[in-house]
Asks: 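Before anything else, here's the structure in question.
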Amino acid sequence: MKKISIIGCLLFAVVSTFAQPGWVKNASRSVFTLKTFAADGSLIASSNGFFTGTNGEAVSNFTPFKGAARAVVIDAQGKELQVAGILGANDMYDVVKFRVSNAKTQPLPISSAIAPVGSVAYLLPYHEVKAVKSGPVRKAETFQGNNPYYTVALSMGENQVSCPLLNASGQVIGMMQQPAVLGDSLSYAVSASFADSLKITGLTFNNETLRLTQVKKLLPTDIKEATLVLYFAGSQVDSAQYVSLIRDFIQQFPNAPEGYMYRAQQETLAGDFSGAEHDMEQALKLANPKDDAHFNYARMIYNKEIFQSAQPYAGWSLEKALQQIQAANALNAQPTYRQLEANIRFAMKQYQEAYDIYQGLLSTNLRSAEISFAAARCKEMQKDTTAMLALMDSTIAMFSRPYLKEIAPYLWARAEARRNAGLYRDAVSDMNEYETLMTATVNDNFYYIRHQVEIQGRLYQQALNDINRAIQMNPNEILYYAEKASLEIRVGLYDQAIATAKECIALDPSNSDGHLFLGLGQCLKGQKKEGIENLRKAKELGDTQADALIEKYK
């Protein structure tokens with residue numbers, strides 16, 4: 001009996017071995033173990049996966065990557081390979097595509113067809129050729145287009161999540177998902193073609209899913225998408241990550257001018273103007289056509305000369321910026337290029353030349369309040385007040401009522417221009433419009449300034465109202481009390497002026513203004529003895545107006 005049992009067991013083993021499909025041994029070389037680690041080196045999770053490309057492309061489940069800073073795979077030969085970075089991820093279906101570093105890999109072929117219900121599927125675990133399980137496909141539901149999600153009648157073993165599910169021809173149809181209950185008679189697999197199709201685009205580079213992991217994200221292989229990544233990432237990631245991303249772009253696309261231009265921008269911000277100059281010259285060599293590179297170079301130099309003028313660099317000047325933008329215009333004259341040329345000429349104090357360009361741009365698709373206002377600034381610098389105010393009016397006319405907040409800066413600018421031109425009441429009108437739009441943000445300084453303009457326009461009651469508002473908003477500002485007392489004396493409100501001056505003194509007895517206006521108010525009220533005493537106090541505190549007033553009233 002013992003012999004029969006031994007022979008039976010051997011026979012079963014032989015039958016099991018020969019029952020495996022012929023592709024199993026070769027396919028097993030493509031399956032690996034994945035390990036992810038936190039920034040401090042501690043192990044986060046262990047899972048499985050399989051290669052889908054010859055240059056290290058692979059797929060696995062995304063869960064182990066959450067919170068991870070580094071990942072490795074252990075291939076079928078036991079070799080450890082570093083994960084270079086993520087190529088795409090989907091948290092909803094718990095899948096990720098990534099690439100390992102410096103490795104030629106053997107991929108599993110992926111089926112483009114949906115496995116029919118009833119067909120046999122095989123679960124291929126890592127390093128366990130003899131443990132291949134099979135079962136019929138029970139369901140093949142689709143999601144996000146025509147991607148299948150399989151239910152298979154087989155029981156997953158422990159630690160078999162993310163192992164490949166293959167059809168009878170040895171093509172991968174799915175990637176095993178975490179079962180609801182370990183040992184359940186039904187298992188589930190997400191489409192392998194869906195996992196392999198994952199990619200990062202310019203719009204998804206820093207999406208919510210990818211922010212869940214610190215493992216590096218790799219640039220798309222398509223240069224347009226990779227360039228979009230650089231464009232959006234500048235405002236989405238920290239400077240160190242961005243510099244690394246630009247370096248990767250240049251390494252991946254060494255003949256693309258965009259990488260050198262983006263790096264030059266970072267170098268300029270860091271004050272490395274020599275490095276930026278070198279990179280922009282390289283970008284100009286590679287660019288075809290070259291007008292955009294000339295434009296970007298001109299803008300870079302202009303911004304440096306305007307905003308980083310405290311850091312001189314002999315190689316750059318407004319003159320060089322002008323040369324670059326003129327080269328861009330010579331190759332492909334565009335309104336955007338012309339606007340930059342006008343800005344540069346304005347900075348060079350070539351106001352008429354800048355004005356002529358701005359005027360020309362008002363007949364193009366760039367016609368805007370910004371361009372009209374820039375033309376007005378040119379006339380202001382040329383001391384042509386009439387033309388400047390007319391252009392300010394044209395700027396405001398480009399907006400329709402009811403006004404939105406975007407007009408506020410232009411209203412304020414015209415208010416100042418009108419005030420400087422002696423049109424005080426018109427200036428107050430603009431300030432009133434500004435206040436209506438910016439009610440939530442106007443402060444005590446606004447009311448102080450408007451009160452001054454109202455005095456100039458002889459709108460005394462409005463001026464008193466505004467200086468009172470300024471005091472309400474900032475009751476510790478001595479200047480406001482002095483201004484209020486001065487205005488009250490001017491309009492004959494002597495009792496109020498005396499009270500205001502006393503408030504000023506109470507805030508700071510060493511301030512001469514309070515004593516000056518108290519003394520003046522008392523003298524005008526007929527209280528000359530007390531008034532002269534306060535005027536003398538103001539003189540002692542350094543007020544230069546007190547002497548003349550003392551002589552007048554003593």
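As a basis for the values below, the full set of heavy atoms in this structure was taken, side chains included, without hydrogen atoms, waters or symmetry mates. Predicted model, so just to flag it, every value in this text is computed and none were measured.
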Asks: Between K285 and E281, is the closest basic N to carboxylate O distance under 4.0 Å?
Replies: no
Asks: Under 30°, 30 to 60°, or over 60°: which ring-plane class applies to Y297 and W316, parallel, tilted or perpendicular?
Replies: perpendicular
Asks: Nearest heavy-atom pair of F249 and A256: which atoms, and what distance?
Replies: CE2-CB, 4.1 Å
Asks: Would you please indicate if the ring centroids of F51 and F32 are separated by under 6.0 Å?
Replies: yes
Asks: Any side-chain to backbone donor/acceptor pair from S368 onto L366? Under 3.5 Å, distance only.
Replies: yes
Asks: Please report the shortest heavy-atom distance between L123 and L165, naming the atom on each side.
Replies: N-CD1, 4.0 Å
Asks: Spell out, as yes or no, whether a donor-acceptor pair under 3.5 Å connects the side chain of N303 to the backbone of M300.
Replies: no
Asks: Say whether D40 and S42, considering side chains only, have a donor N or O and an acceptor N or O under 3.5 Å apart.
Replies: yes
Asks: Report all side-chain donor-acceptor pairs from residues 72-89 shorter than 3.5 Å, counting only partners two or more places apart or in another chain.
Replies:
{"unit_1": "D75", "atom_1": "OD1", "unit_2": "Q77", "atom_2": "N", "d": "3.0"}
{"unit_1": "D75", "atom_1": "OD1", "unit_2": "G78", "atom_2": "N", "d": "3.1"}
{"unit_1": "D75", "atom_1": "OD1", "unit_2": "K79", "atom_2": "N", "d": "2.8"}
{"unit_1": "Q82", "atom_1": "OE1", "unit_2": "R70", "atom_2": "NH1", "d": "3.4"}

Asks: Does D94 have any salt bridge (Lys or Arg N to Asp or Glu O under 4.0 Å) partners at least two apart in sequence or in another chain, and if so, which?
Replies: none
Asks: Can you tell me which residue among S134, P21, P136 is in a side-chain contact (heavy atoms from CB on, under 4.5 Å) with V120?
Replies: S134
Asks: Any idea which heavy atoms bring L230 and Y242 closest together, and the distance?
Replies: O-OH, 2.8 Å
Asks: Backbone N or O of P220 within a donor-acceptor pair of the Q252 side chain at under 3.5 Å?
Replies: yes
Asks: Could you tell me which non-hydrogen atom of T36 sits nearest to which non-hydrogen atom of A68, and how far apart they are?
Replies: CB-CB, 3.8 Å
Asks: Identify which one of L218, T213, L212 satisfies the side-chain contact (heavy atoms from CB on, under 4.5 Å) criterion when paired with V215.
Replies: T213
Asks: Please name the pair of heavy atoms, one in I114 and one in Y150, separated by the smallest distance, quoted to 0.1 Å.
Replies: CA-OH, 3.5 Å
Asks: More than 12 foreign heavy atoms under 6.0 Å from NZ of K199: is that the case here?
Replies: no
Asks: Just do the ring pair (Phe, Tyr, Trp, His ring centres under 6.0 Å) check on F62 and Y93 with the steps written out, would you?
Replies: CA-CA 9 Å; F62 181 63; Y93 290 97; over 10 Å; no
Asks: What are the two closest non-hydrogen atoms of L108 and L166, and how far apart are they?
Replies: CD2-CD2, 4.4 Å
Asks: More than 12 heavy atoms of other residues, nucleotides or ligands under 6.0 Å from CD of Q311: yes or no?
Replies: yes
Asks: Are the side chain of T105 and the backbone of P107 linked by a donor-acceptor contact shorter than 3.5 Å?
Replies: no
Asks: Do other residues, nucleotides or ligands put more than 12 heavy atoms under 6.0 Å from the NE2 atom of H127?
Replies: yes
Asks: Is there a donor-acceptor pair under 3.5 Å between the side chain of S111 and the backbone N or O of V172?
Replies: no
Asks: In a table with atom names and distances, give each donor-acceptor pair under 3.5 Å that connects a side chain of residues 395-402 to protein atoms at least two apart or in another chain.
Replies:
{"unit_1": "T395", "atom_1": "OG1", "unit_2": "S372", "atom_2": "OG", "d": "2.8"}
{"unit_1": "T395", "atom_1": "OG1", "unit_2": "F373", "atom_2": "N", "d": "3.4"}
{"unit_1": "T395", "atom_1": "OG1", "unit_2": "L391", "atom_2": "O", "d": "2.8"}
{"unit_1": "R401", "atom_1": "NH1", "unit_2": "E433", "atom_2": "OE2", "d": "3.0"}
{"unit_1": "R401", "atom_1": "NH2", "unit_2": "E433", "atom_2": "OE2", "d": "2.7"}

Asks: Compute whether any side-chain donor of one residue and acceptor of the other, for Y302 and N343, lie under 3.5 angstrom apart.
Replies: no
Asks: Do the side chain of S30 and the main chain of Q106 share a donor and acceptor less than 3.5 angstrom apart?
Replies: yes
Asks: Hey, does the side chain of K290 reach the backbone of A287 with a donor-acceptor pair shorter than 3.5 angstrom?
Replies: yes
Asks: Between R338 and E341, is a salt bridge (charged side-chain N to carboxylate O under 4.0 Å, His left out) present by the stated rule, with each step listed?
Replies: CA-CA 5 Å; R338 294 287 288 161; E341 181 180 346; 2.9 Å; yes
Asks: Hey, could you give me each pair passing side-chain hydrogen bond (donor to acceptor under 3.5 Å, both in side chains) that has a residue in residues 222-231? Not counting sequence neighbours.
Replies: none
Asks: Yes or no on ring pair (Phe, Tyr, Trp, His ring centres under 6.0 Å) for F194 and Y149, after CA distance, side-chain angles and deciding distance?
Replies: CA-CA 10 Å; F194 170 72; Y149 192 90; 9.9 Å; no
Asks: Any side-chain to backbone donor/acceptor pair from K139 onto V117? Under 3.5 Å, distance only.
Replies: no
Asks: For the pair K97 (side chain) and L198 (backbone), establish whether a donor and an acceptor sit closer than 3.5 Å, ignoring hydrogens and angles.
Replies: no
Asks: On the ring face of Y313, is K304 found with NZ or CZ under 6.0 Å from the centre and within 45° of the axis?
Replies: no
Asks: S197: which residues meet the side chain to side chain donor-acceptor pair (under 3.5 Å) condition with it, sequence neighbours left out?
Replies: none
Asks: Check the orientation of W412 and Y434. Use parallel for under 30°, tilted for 30 to 60°, and perpendicular for over 60°.
Replies: tilted
Asks: Judged by atom type as modelled, is there a donor-acceptor pair below 3.5 Å linking the side chain of N167 to the main-chain atoms of I173?
Replies: no
Asks: Not counting sequence neighbours, list each pair that qualifies as a side-chain hydrogen bond (donor to acceptor under 3.5 Å, both in side chains) and has a residue in residues 254-272.
Replies: R263-D279
Asks: Is the number of heavy atoms from other residues, nucleotides or ligands under 6.0 Å of N102 CG greater than 12?
Replies: no
Asks: How about F346 and Y358: are their ring centroids closer than 6.0 Å?
Replies: no
Asks: Suppose we call two aromatic rings close when their centres sit under 6.0 Å apart. Are F98 and F65 close by that rule?
Replies: yes
